[in-house]
Amino acid sequence: QAQLEESGGGLVQTGGSLRLSCAASGRTFSTYYMGWFRQAPGKEREFVARIGWNGGNTYYANSVKGRFTISRDNAKDMVYLQMNSLKPEDAAVYYCAARRGDYESSFPRDYQYWGQGTQVTVSS
């Protein structure tokens with residue numbers, strides 16, 4: 001079982017950058033697919049980015065492609081989301097999630113473990 005804790009959220013101006021971190025506990029972290037999701041007030045939780053076991057096979061939502069970068073460090077049990085060129089529409093609570101399974105997924109329902117979320121606010 002994995003426990004996840006996000007950090008790094010905050011207030012940033014439009015065009016600015018933030019780096020989110022997700023610390024995972026559990027001896028089998030390197031076997032999990034990892035993802036970042038976000039949820040804005042009144043909206044459903046949506047996929048942002050995911051990464052495979054070994055740091056390969058990254059995939060992004062079209063809305064963040066070219067601006068966000070997901071990465072992981074299995075030696076430290078960490079996942080990161082570098083967010084550049086932030087826009088007001090990126091404002092949301094960002095969640096780190098872990099999935100055990102045989103295939104990658106962009107659907108929240110396929111992820112078994114979730115962090116508590118970290119707030120990202122983008123001022124215009």
Side-chain angles (χ1 to χ4, degrees):
Q1 185 172 356
Q3 292 185 325
L4 307 173
E5 183 173 1
E6 305 94 337
S7 61
L11 172 65
V12 64
Q13 291 185 333
T14 297
S17 297
L18 281 175
R19 188 194 195 203
L20 305 183
S21 299
C22 174
S25 63
R27 297 182 179 181
T28 58
F29 171 76
S30 62
T31 67
Y32 291 111
Y33 296 106
M34 299 300 296
W36 284 97
F37 295 79
R38 66 187 182 187
Q39 188 167 17
K43 296 187 177 180
E44 293 186 353
R45 191 166 298 188
E46 66 174 2
F47 167 77
V48 175
R50 69 174 194 243
I51 190 167
W53 298 336
N54 62 358
N57 291 341
T58 57
Y59 186 76
Y60 299 90
N62 287 335
S63 59
V64 307
K65 197 174 298 182
R67 300 187 297 122
F68 291 12
T69 302
I70 188 172
S71 62
R72 68 189 294 166
D73 185 341
N74 286 344
K76 297 180 179 179
D77 291 351
M78 296 290 294
V79 180
Y80 306 99
L81 185 69
Q82 177 66 43
M83 306 186 296
N84 299 328
S85 303
L86 282 160
K87 305 175 181 180
E89 52 263 42
D90 293 319
V93 176
Y94 281 71
Y95 297 91
C96 174
R99 165 175 166 73
R100 299 190 72 175
D102 296 329
Y103 58 90
E104 299 173 357
S105 173
S106 300
F107 296 100
R109 64 174 182 261
D110 290 333
Y111 286 74
Q112 295 90 351
Y113 308 108
W114 293 83
Q116 82 290 346
T118 185
Q119 178 72 51
V120 172
T121 304
V122 184
S123 63
S124 57

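Below, all heavy atoms of this structure are taken into account, side chains as well, without hydrogens, waters or symmetry copies. All residue numbers in this chain count up from 1 along the given sequence. This one's a predicted model, so the numbers in the text were calculated from it and none came from an experiment.
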Is the shortest side-chain heavy-atom distance between [X] and [Y] below 4.5 Å?
X: Phe29; Y: Met34; answer: yes
X: Tyr94; Y: Glu6; answer: no
X: Tyr80; Y: Cys22; answer: no
X: Asp90; Y: Met83; answer: no
X: Ser71; Y: Gln82; answer: no

So, [X] side chain and [Y] main chain: donor-acceptor pair closer than 3.5 Å or not?
X: Asn84; Y: Thr69; value: no
X: Arg72; Y: Gly52; value: yes
X: Arg99; Y: Tyr33; value: no

Quiz: residues 117-124 side-chain donor-acceptor pairs under 3.5 angstrom, not counting sequence neighbours:
residue: Thr118; atom: OG1; partner: Gly9; partner atom: N; Å: 3.2
residue: Gln119; atom: NE2; partner: Ala92; partner atom: O; Å: 3.4

ILVMFWY network linking [X] to [Y], side-chain heavy atoms under 4.5 angstrom:
X: Phe68; Y: Val93; result: no
X: Leu81; Y: Val64; result: yes
X: Leu86; Y: Phe47; result: no
X: Trp36; Y: Tyr59; result: no
X: Ile51; Y: Tyr60; result: yes

Run the numbers on Leu20 and Arg38 for side chain to side chain contact (heavy atoms under 4.5 Å, CB included), then give the verdict. CA-CA 12 Å; Leu20 305 183; Arg38 66 187 182 187; over 6 Å; no

What one should report as the nearest heavy-atom pair of Gln112 and Asp110 is OE1-O, 3.7 Å

Non-hydrogen atoms of Asn74 and Asp77 that approach each other most closely: O-OD1, 3.1 Å

Report the C-alpha separation of Arg45 and Tyr95 in whole Å, then their side-chain angles, then the decisive distance to 0.1 Å, and conclude whether the side chain to side chain contact (heavy atoms under 4.5 Å, CB included) test is met. CA-CA 9 Å; Arg45 191 166 298 188; Tyr95 297 91; 3.4 Å; yes

[X] side, atom [atom1]; [Y] side, atom [atom2] - distance, nearest 0.5 Å:
X: Tyr111; Y: Arg50; atom1: OH; atom2: CZ; value: 6.0 Å
X: Glu104; Y: Trp53; atom1: CD; atom2: CH2; value: 9.0 Å
X: Glu5; Y: Met78; atom1: CD; atom2: CE; value: 9.5 Å

Answer yes or no: does atom CD of Gln116 have more than 12 heavy-atom neighbours from other residues, nucleotides or ligands under 6.0 Å? yes

Crowded around Lys65 NZ? As in, over 12 foreign heavy atoms under 6.0 Å? yes

Quick one: sort the Phe37 and Trp114 rings into parallel, tilted or perpendicular, breaks at 30° and 60°. tilted

